[in-house]
> 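Below you'll find the structure I mean.
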Amino acid sequence: MRNSLTLSKEEVDSLLTAGTPHVIRINMPSTGTIAFNDMIRGDVSFDMSTVDDKVLLKADGMPTYHLAVVVDDHLMQISHAFRGEEWLPSAPVHIRLWEKLFGRDAMPQWAHLPLILGPSGKLSKRDGAKYGFPVFAMNWTDPKTGETVEGFRERGFLPEAFINLLAMLGWNDGTEKEIFSMEELIEAFSMERVHSAGAKFDYEKAKWYNQEWLRGKPVQEIILALRSQFESLNSLNSLNSLTLERIVELVRDRCHLLTDFKEQMSYFMEYPKTVDVAAIQPKWNAEKTAFFQALMDRYGAMESWSALELEESFKTLATEQSIKPGELMLPLRIMLVGGKFGPGVFDIADILGKEETIRRIEVLTAQLTNN
RNA sequence: GGCCCGUUCGUCUAAGGGCUAGGACACCACCCUUUCACGGUGGUGAUACGGGUUCGAAUCCCGUACGGGCUACCA
């Protein structure tokens, strides 16, 4: 290696006077060990001979992280330095710096936290793309490529859930409690219970945390969150707030993420984009056509409109025409919703209103009958 | 390769020398539900391997294997 340690003093001096670019490195001793106590890992020690002589000041005079972090922590009188495990190998450099610069007594307490790992190794953007989950809290655009990576917030995670799930990766309070608010975390957290092993991130469990938080949230707050989530979705504004509340209450159990609401609520706001006709076409017959035509008349004549009355009227008619209601429920659902999902059909019809309900029955009855 | 850290169900974890190794996510089955979910009940499933120490080891020690991190004039 060509540096001031291997060059003669004359050569060094002449290079210096010639203004040759150079860096300043730490000179780690070639013998002895450097040991320190980590709050999570206990006693850790390194052979000083195996530690690199890291660059402290770059050729342009700017300090590297190694120098900067020690000086900065000293200036800010940091008592505890918590950082990721990836810093453990350079800890000896920092400790050596503390010894020489400010004294070991002034050194903060160290804690090297376990890493959050992807399905294979350190969590990376690649993992996110490969397995379809976010890796950043919020949308992040690569300044070089201009590519944007979707964040947890944009994916539909609540901040409370995100904090909660992160905290439980490598820590627990010793009980079976898993749902913690920020306040509860502050109260319960203790460094002693932090793990030393890295934790693999599990997207399924992450969604479960969000579902739990969604479950405990008042409808009003969910609506607020939905409004900020879907700034562009002005169809939310087209519904009056009472209807919106009813819809959210009806579909919330079916949603893991805020973004799930978009799909779950869509058929309330517009005619279904896709209709699973194939699910009912094979069993369609003249009797069913007759039933739904009669149903439209009945519904059209109804003076009040409620889920209970709609169901009653529906079943009465089915009995009159000697068709099992079970064979008619799915067709009605497909007509109103477009697929085999969603809350109770009569609740949906209730919210949809008389005009829209009849219109949807009419559209599909005509289509099925003609085929 | 070298150095450092780690290893309990597939995943997150509990049990800090002493009951049948407990819970959660996921998965499977059943119940509830004339859809899909929610919910309920039950089930499959783990102490990496080999040596020690001990009356007794997931737990302490050593070795091996495996995993991860670091090894930039990045942080």
> Have a look at Val44(A) and say if it touches a base, only the backbone sugar-phosphate, or nothing, with a 4.0 Å heavy-atom cut-off.
sugar-phosphate
> Does Glu160(A) pair with Lys217(A) as a salt bridge, N-O distance under 4.0 Å?
yes
> P atom, A46(B) versus A58(B): distance in rounded Å?
15 Å
> Would you say a side-chain N or O of Lys58(A) is under 4.0 Å from OP1 or OP2 of C74(B)?
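Result: yes.
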> Let me confirm one number: the CD1-CE distance from Ile95(A) to Met107(A), rounded to the nearest 0.5 Å.
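It is 4.5 Å, given to the nearest 0.5 Å.
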> Ring of Phe180(A), cation from Lys177(A) - is the NZ or CZ under 6.0 Å from the centre and inside 45° of the axis?
yes
> Can you establish whether the number of heavy atoms outside Met191(A) located under 6.0 Å from its atom CE is more than 12?
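Counting neighbours around CE of Met191(A), more than 12 heavy atoms of other residues, nucleotides or ligands fall under 6.0 Å, so yes.
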> Salt bridge between Glu99(A) and Arg96(A), side-chain N to carboxylate O under 4.0 Å?
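A salt bridge is present here (some side-chain N lies under 4.0 Å from a carboxylate O).
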> Round to a whole Å and report the spacing from CH2 of Trp208(A) to P of A26(B).
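Taking CH2 of Trp208(A) and P of A26(B), I get 9 Å after rounding.
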> With a sphere of 6.0 Å drawn around CD of Gln321(A), does it hold more than 12 non-hydrogen atoms of other residues, nucleotides or ligands?
yes
> If you restrict it to nitrogen or oxygen atoms, what contacts under 3.5 Å exist between nucleotides 27-34 of chain B and the protein, and what is each distance?
unit_1: U34(B); atom_1: N3; unit_2: Gly326(A); atom_2: N; d: 3.1

> With a 3.5 Å cut-off and just heavy-atom distances, do the side chain of Arg254(A) and the base of C36(B) make a donor-acceptor pair?
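By the distance-only test, yes, there is a pair.
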> Would Arg25(A) and Asp52(A) pass as an ion pair if we require N to O under 4.0 Å?
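Here Arg25(A) does not pair with Asp52(A) in a salt bridge, since their nearest N and O are not under 4.0 Å apart.
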> Rounded to whole angstrom units, what separation is found between the CD atom of Glu212(A) and the C1' atom of C38(B)?
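In whole Å, C38(B) C1' and Glu212(A) CD are 11 Å from each other.
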> Does the distance from a Lys or Arg side-chain N to an Asp or Glu carboxylate O, for Glu320(A) and Arg298(A), drop under 4.0 Å?
yes
> Checking base pairs now: Watson-Crick or wobble, both atom distances under 3.5 Å. What partners G17(B)?
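No nucleotide pairs with G17(B).
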> Phe291(A) pairs by side-chain contact (heavy atoms from CB on, under 4.5 Å) with which of Asn285(A), Leu317(A), Leu332(A)?
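That would be Leu317(A); it is the only one of Asn285(A), Leu317(A), Leu332(A) passing the side-chain contact (heavy atoms from CB on, under 4.5 Å) with Phe291(A).
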> Scan Arg41(A) against the nucleic acid and name what it touches under 4.0 Å (heavy atoms): base, sugar-phosphate only, or nothing.
sugar-phosphate
> What is the distance, rounded to the nearest whole Å, between atom CG of Asp276(A) and atom P of C36(B)?
12 Å
> Answer with base, sugar-phosphate or nothing: what part of the nucleic acid does Lys207(A) contact at a heavy-atom distance below 4.0 Å?
nothing
> Could you state the atom-to-atom distance from CG of Leu56(A) to C1' of A72(B) in whole Å?
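About 14 Å, once rounded to whole Å.
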> Starting from P on G6(B), measure out to CD1 on Ile116(A) and report it in whole angstrom.
18 Å
> With a cut-off of 6.0 Å (strictly less than), are more than 12 heavy atoms of other residues, nucleotides or ligands near CZ of Arg104(A)?
yes
> Going by an N to O cut-off under 4.0 Å, is there a salt bridge joining Arg252(A) and Glu249(A)?
yes
> Hey, can you pull the residues of residues 83-96 of chain A with a non-hydrogen atom under 4.0 angstrom from RNA chain B?
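Nucleic-acid contacts, sorted: Glu85(A), Glu86(A), Trp87(A), Leu88(A), Pro89(A).
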> Charged N to carboxylate O below 4.0 Å: is that the case for Lys125(A) and Asp142(A)?
yes
> Classify Val55(A) by what it touches in the nucleic acid, base, sugar-phosphate, or nothing, heavy-atom distance under 4.0 Å.
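Sugar-phosphate, backbone atoms only, no base.
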> Check the pair Glu356(A) / Arg359(A) against salt bridge (charged side-chain N to carboxylate O under 4.0 Å, His left out), numbers first and verdict last.
CA-CA 5 Å; Glu356(A) 181 64 17; Arg359(A) 184 188 144 233; 2.9 Å; yes
> Taking atom CH2 of Trp171(A) and atom CG of Leu169(A), what is their separation to the nearest 0.5 Å?
12.5 Å
> OP1, OP2 of G39(B) versus side-chain N and O of Arg215(A): anything below 4.0 Å?
yes
> Parallel, tilted or perpendicular: which fits the ring planes of His94(A) and Trp87(A), with parallel below 30° and perpendicular above 60°?
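Correct class here is tilted.
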> For G45(B), which nucleotide is its Watson-Crick or G-U wobble mate, given both distances must be under 3.5 Å?
none
> Looking at C73(B), I'd like to know if its phosphate oxygens (OP1 or OP2) sit under 4.0 Å from a side-chain N or O belonging to Arg25(A).
yes
> With sugar-phosphate meaning primed atoms plus P, OP1 and OP2, does Pro343(A) contact a base, only sugar-phosphate, or nothing at under 4.0 Å between heavy atoms?
base
> From OH of Tyr203(A) over to C1' of A26(B), roughly how many Å is that when rounded to an integer?
15 Å
> Could you measure between the two P atoms, the one in U47(B) and the one in C5(B), and give it in whole Å?
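Approximately 26 Å lies between the P atom of U47(B) and that of C5(B).
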> Find the partner of C70(B): check Watson-Crick (N1-N3 plus N6-O4 or O6-N4) and G-U wobble (N1-O2, O6-N3) distances, both under 3.5 Å, and reply none if neither fits.
G2(B)
> Under 3.5 Å, which N/O atoms of the protein pair with N/O atoms of nucleotides 17-22 of chain B?
none

> Using whole Å, report how far CE of Met48(A) lies from C1' of C4(B).
16 Å
> Please determine whether a side-chain nitrogen of the Lys or Arg among Lys273(A) and Glu270(A) lies less than 4.0 Å from a carboxylate oxygen of the Asp or Glu.
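Here Lys273(A) pairs with Glu270(A) in a salt bridge, since their nearest N and O are under 4.0 Å apart.
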> Treat primed atoms plus P, OP1 and OP2 as sugar-phosphate and everything else as base, then score nucleotides 10-16 of chain B 5' to 3': B for base contact with protein heavy atoms under 4.0 Å, S for sugar-phosphate contact only, - for none.
-SSSSS-
> Return a single string for nucleotides 59-65 of chain B, one symbol per nucleotide in 5' to 3' order, where B is base contact, S is sugar-phosphate-only contact and - is none, cutoff 4.0 angstrom on heavy atoms.
-------
> For every nucleotide of nucleotides 42-49 of chain B, 5' to 3': is a protein heavy atom under 4.0 Å from its base (B), only from its sugar-phosphate (S), or from neither (-)?
--------
> Rounded off to whole Å, could you give me the CE-to-P distance for the Met28(A) and C3(B) pair?
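About 16 Å, once rounded to whole Å.
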